[in-house]
Amino acid sequence: MQMTLQFLGATEEVTGSCHLLTVAGKQMLLDCGLIQGGKADELRNHEPFSFDPLAISAVVLSHAHIDHSGRLPLLVKAGYTGPIFTHKATAELCAIMLKDAAMLQVRDTERTNKKRAKHELEPLEPLFTVEDAEQAITQFVSLEYGQVTQVIPHVDICLSDAGHILGSALVELWLGEGKAQKKLVFSGDLGRAGMPILRNPTLVDTADLVLMESTYGNRFHRSWTDTLAELKAIFSKAVTESHGNILLPAFSVGRAQELLYLFHLYAKEWDLSRWKVCLDSPMAIEATRVYVNNYPLMDDDFKRFTRQHPGQHPLLSNVEFIQTTEESIALNDVHKGLIIIAGSGMCNGGRIRSHLEHNLWRPECDVIICGYQALGTPGRALVDGAEELTIHGNSIKVAAKLHTVGGLSAHADQAELLRWYRHFESQPPLVLVHGEPEAQQGLVAVMNQDSKTKPKALAIATRGDMLDLNALPKLVWVTA
């Protein structure tokens, strides 16, 4: 029985996750993510799919983040009518996020067409529309963790908690049948043990092949204790010395809710009564409600706190939800005392752009970067020491104090990736995806030094590589 796996996205980069699995002539996708980053990166989304959308029989989605789910409306627009299997919480979040992504596509295209019209150029079409997103949402099939499901003939899957965001899943897949059956484990994006709100990533015992993310393959996050101390120091210094606003660019799903929870737990210790905490993101507000409604998926500490404090939900206290554009604009007239959590997390869109425009040039303000910043994004430019940013066509000097708090990352670091892989019996063959080359090479070097983490075979996927799953553990690449 023919069984191949082709890598079509998130190869030597951390965006556009997409992998094509072929078993006995049937094709399915693992993820179908949007490519995010600079303008050149985003233009790649307009390239035709490197497979026939009409030939796809099923999609399995690991989680709701747009770099994993964002091209699903485009896939549907291209004619895909099959099921999209995912965890039920992911389906709920995608109902919010995909429509938001579509509205951004339409809005950005309208702006571009106004400029094109001045030069008498033909108008462009948006990558996909709200109608495409709504149709994709109707094709979701909601699953529970631990539920074994056949997605195409000769392929059964089971989702387990990946601990990355609400509903995130690592995927176990059983391919083929009888003695020739192979087990593939796809990590999706792995979270971290001991982080707030979510449960720890599930450990898996067996696999014939592991497909693992490597976002922070060459880095170690700060300990949770040190991270909390770092945040406390930032807030304390901002009160006593800076006297400005604090901006937190945050991913609307995952990071925003984590921050709300921390602000609730440490309100007294961090003296947050001095601040007005604003969640300025309609999508983050909707996502927070999904988190609230999926209480059983939270970790034991979160559930215990909620039981002990009825009526005081940890995600809904100490925060003001900023819904309308007018309310958001009004924040720009306030020059001190605000903690503003706003999307996007990489500063390449959303309301955070306006807040940066009004605060980044002010030395009394602080900007806390608390998530991964992809190459080509404004957030990455800030982390790399940019002296100015172009926002809404204006050059803005970077004078605010910049803090990079890596300990809040929702991705496993090198030690946590090694811990997760080490749990597998007999060091199964491993392919690294979803990581920049430097991170991946750092992880490979460490894995090869330790007999407990040195795989039987190890590869870094490059775009278009196709793996013959019948040839494991030799990792034999075949011609596409």
Side-chain angles (χ1 to χ4, degrees), residues 10 13-17 33-38 41-42 63-70 93-94 96-98 100-101 104 164-166 168 189 191-192 195-198 213 215-216 219 221 227 231 246-263 277-288 290-291 319 322 328 339-357 359-360 366-384 386 389 391 400 402-412 434 436:
E13 59 181 344
V14 294
T15 189
S17 179
L34 202 68
I35 299 168
Q36 299 175 299
D41 294 312
E42 292 174 0
H63 66 286
H65 276 153
I66 290 297
D67 64 321
H68 291 256
S69 69
L93 290 171
C94 280
I96 301 167
M97 299 178 71
L98 293 182
D100 181 80
L104 290 176
H164 176 61
I165 63 170
L166 184 73
S168 61
D189 282 356
R192 304 169 57 196
M195 292 296 284
I197 301 180
L198 299 179
E213 71 121 313
T215 309
Y216 286 113
R219 287 183 53 184
H221 298 315
T227 298
L231 287 169
I246 299 177
L247 306 184
L248 290 106
F251 299 108
S252 296
V253 178
R255 187 58 34 76
Q257 291 74 37
E258 181 181 46
L259 289 169
L260 294 182
Y261 186 46
L262 292 179
F263 289 166
V277 180
C278 301
L279 180 61
D280 187 13
S281 167
M283 185 167 69
I285 293 168
E286 289 188 71
T288 299
V290 175
Y291 268 67
V319 62
I322 307 299
S328 179
I339 296 175
I340 303 175
I341 306 168
S344 68
M346 297 184 192
C347 308
N348 55 349
R351 293 180 177 180
I352 194 64
R353 301 276 291 171
S354 177
H355 296 308
L356 287 169
E357 184 178 15
N359 291 274
L360 192 59
D366 294 80
V367 179
I368 302 176
I369 300 294
C370 52
Y372 186 83
Q373 307 298 311
L375 285 170
T377 62
R380 182 63 168 262
L382 287 174
V383 170
D384 289 343
L389 281 186
I391 303 175
L402 188 73
H403 313 271
T404 302
V405 183
L408 288 175
S409 175
H411 282 273
H434 205 283
E436 294 174 3

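Only heavy atoms go into these numbers, but all of them, side chains included; no hydrogens, no water, no symmetry mates. Note that the coordinates shown come from a computational prediction; the quantities given were computed from them, not determined experimentally.
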Applying side-chain contact (heavy atoms from CB on, under 4.5 Å), name anything that partners [X], two or more places apart in sequence or on another chain.
X	answer
T15	E13, I35, Q36, D67
R380	Y372, Q373, L375, T377, D384, E436
S168	H63, D161, A162, H164, I165

Heavy atoms, side chains only, cut-off 4.5 Å: are [X] and [Y] in contact?
X	Y	value
R351	P282	yes
V405	T227	yes
H355	S328	yes
I66	L98	yes
L382	L360	yes
L231	L408	yes
P249	V367	yes

Please report the closest heavy-atom contact between [X] and [Y], naming both atoms and the distance.
X	Y	value
A287	S252	CB-O, 3.8 Å
I285	I322	CD1-O, 3.6 Å
I341	F263	CD1-CE1, 3.7 Å
H411	E213	ND1-OE2, 2.9 Å
G379	C347	N-CB, 3.8 Å
Y261	P196	CD2-CB, 3.5 Å

In Å, rounded to the nearest 0.5 Å, how long is the span from [atom1] of [X] to [atom2] of [Y]?
X	Y	atom1	atom2	value
S69	L93	OG	CG	9.5 Å
M97	L34	CE	CG	11.0 Å
Q257	L198	CD	CG	9.5 Å
I352	M346	CD1	CE	14.0 Å
I368	L248	CD1	CG	4.5 Å

Is the H434 ring parallel, tilted or perpendicular to the H68 ring (thresholds 30°, 60°)?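 H434 and H68: parallel rings.
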